[in-house]
Amino acid sequence: MSEIKGWCPGAYTPMRSGDGLIVRVRPKMGRISRDQALGLCAAARGLGSGVIDLTNRANLQLRGVPDAGHQPLLGQLLDLGLLDPDPETEQRRNVMITPFCEPGDLSTRIAEELVHRLQALPPLPAKFGFAIDCGDAPVLARDPADIRFERASDGALLIRADGADWGRFVAPDDAVDAAIMLAYWFAQNRTAEARRMRALADRLPDVWQQEMSAPPAPPAAPGPRADGFLLGVAFGSMTEAALRGLLDQTGAQEIVLTPWRMMLLPGVTEARRPGFVTAPGGRLLATHACPGAPGCASATVQTRALAMALAARTNGSLHVSGCAKGCALPRTADVTLVGRDGAFDLVRAGASWDEPARRGLSPDDLMTGRETL
Ligand code: SF4
């Protein structure tokens with residue numbers, strides 16, 4: 001298995017990192033039962049490093065799996081009902097659903113039909129995905145997807161191509177047919193350079209641009225909600241022991257995944273565990289750090305201990321990146337520290353690949369506050 005970067009890994013096609021294979025798990029409808037979660041913890045403990053990440057597409061990934069552990073892990077995931085029967089289905093099932101959907105509601109019905117009809121889609125790039133987001137206001141509008149199911153302000157259902165301001169009216173029963181039609185339009189018009197819908201949005205035929213979606217809902221915040229408890233996960237990464245502890249403490253029977261480094265625990269009213277963010281405004285949700293060294297072979301610096309130490313001392317958003325690629329936050333932060341040759345470059349109001357304001361800062365200088373951020 002060669003190291004491939006910038007492509008979408010799955011359980012069958014894991015990505016190699018500094019600490020072994022990263023095996024991605026795509027739970028159906030973005031949910032896992034308590035038994036599945038405990039089984040996943042056992043698999044992470046027995047066949048991986050024990051670290052479980054949340055991804056920005058509401059998936060999970062197990063880290064640190066040795067080559068010899070990959071096949072046994074696939075067997076365990078299959079037994080847990082967390083694996084598609086073949087790699088092609090897994091790759092096509094790139095479907096994100098609002099975490100606030102309910103059984104039988106419009107989002108759930110559309111997601112179930114779309115997943116059932118994946119074979120009707122044309123061949124699409126690995127990262128091409130769907131967001132099913134039919135609550136009163138979209139909650140996934142800032143998250144990656146190419147074809148979006150949303151509502152207009154008057155409640156009408158729309159299919160919206162990512163990158164377009166306007167969507168097309170569809171009847172609920174025709175929604176999946178319309179999305180498949182839009183996927184075919186994309187497949188016929190894509191080029192080697194334009195591999196995501198956003199790149200083609202300015203060429204969309206008028207019929208796909210009839211009405212604006214309702215304004216997006218404000219970003220969700222951790223804490224109790226009417227339907228359960230929304231819990232932040234520091235750096236989007238937890239140990240299987242921490243997850244087991246959380247399940248024990250809360251008695252949660254199900255976990256709903258979000259693309260926001262948060263999990264919804266339906267029916268739970270109270271959750272307090274170290275490493276999890278339980279209230280709005282927690283600094284750790286504005287702090288981003290990739291695994292860094294030794295977890296990633298591209299890193300020459302440790303990232304998360306430094307990010308943890310600096311979180312409370314930084315105003316605005318903080319990103320500590322193991323290298324210039326910026327996996328944890330591929331966009332601007334107020335303060336970005338970028339690892340290079342064992343030290344850090346400092347970028348202000350920019351991304352990890354932007355020109356630094358300072359170079360070669362030592363972790364010690366940053367930790368002790370000798371360098372002001
Ligand atoms: S940003 Fe971090 S995780 Fe991504 S390649 Fe660089 S060191 Fe690795």
Side-chain angles (χ1 to χ4, degrees), residues 1-11 13-25 44 48-67 126-127 143-144 233-239 259-261 275 284-311 314 317-364 366-367 373:
M1 201 174 308
S2 58
E3 183 175 7
I4 305 172
K5 294 180 178 171
W7 116 107
C8 207
T13 52
M15 185 165 65
R16 190 178 298 283
S17 186
D19 57 350
L21 301 178
I22 299 174
V23 177
R24 187 162 294 177
V25 179
S49 64
V51 174
I52 301 173
D53 293 338
L54 306 182
T55 78
N56 69 349
R57 291 178 180 236
N59 293 318
L60 294 167
Q61 54 191 26
L62 272 53
R63 302 190 70 94
V65 178
D67 284 14
K127 291 192 174 185
D143 303 303
V233 179
F235 308 128
S237 187
M238 59 194 162
T239 63
W260 318 311
R261 302 195 306 184
L284 280 179
L285 280 185
T287 305
H288 310 261
C290 69
C296 178
S298 300
T300 58
V301 289
Q302 293 187 354
T303 49
R304 287 187 174 157
L306 181 65
M308 197 74 90
L310 297 181
T314 313
S317 53
L318 168 67
H319 178 197
V320 181
S321 186
C323 76
K325 189 173 173 195
C327 297
L329 189 73
R331 55 183 186 274
T332 299
D334 294 312
V335 173
T336 302
L337 293 166
V338 186
R340 186 174 53 81
D341 300 334
F344 287 91
D345 295 342
L346 167 65
V347 179
R348 291 195 188 282
S352 55
W353 48 86
D354 286 335
E355 184 64 23
R358 302 280 313 276
R359 293 179 189 271
L361 305 175
S362 79
D364 260 10
L366 292 162
M367 284 276 203
L373 299 178

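Atom set for the values below is all heavy atoms of this structure, side chains included, hydrogens, waters and symmetry mates excluded. Please read these numbers as outputs of a predicted model, since none were measured by experiment. When a ligand or atom number is given, it counts from 1 through the structure's own listing order.
- A side-chain donor-acceptor contact under 3.5 Å links Thr303 to the backbone of Cys290.
- The part of Ser321 lying near ligand 1 is the side chain, judged by heavy-atom distances below 4.0 Å.
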Given Asn59 and Val25, is the side chain to side chain contact (heavy atoms under 4.5 Å, CB included) satisfied, shown in steps?
-> CA-CA 6 Å; Asn59 293 318; Val25 179; over 6 Å; no
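- In summary, no N, O or S atom of Cys296 is located under 2.8 Å from atom 4 (Fe) of ligand 1.
- Using a cut-off of 2.8 Å, one finds that Cys290 contributes no N/O/S atom close to atom 8 (Fe) of ligand 1.
- Close contacts between ligand 1 and Gly326 involve ligand atoms 1 (S) [criterion: under 4.0 Å to a heavy atom].
- Proximity to Ser298 (heavy-atom distance under 4.0 Å) selects the following atoms of ligand 1: 5 (S).
- Under the salt bridge (Lys or Arg N to Asp or Glu O under 4.0 Å) criterion, Asp19 pairs with Arg63, not counting sequence neighbours.
- Judged by distance alone, with hydrogens and angles left aside, the side-chain atoms of Thr336 form no donor-acceptor pair with the main-chain N or O of Ser352 at under 3.5 Å.
- For the salt bridge (Lys or Arg N to Asp or Glu O under 4.0 Å) test, no residue two or more places apart in sequence or in another chain qualifies with Arg24.
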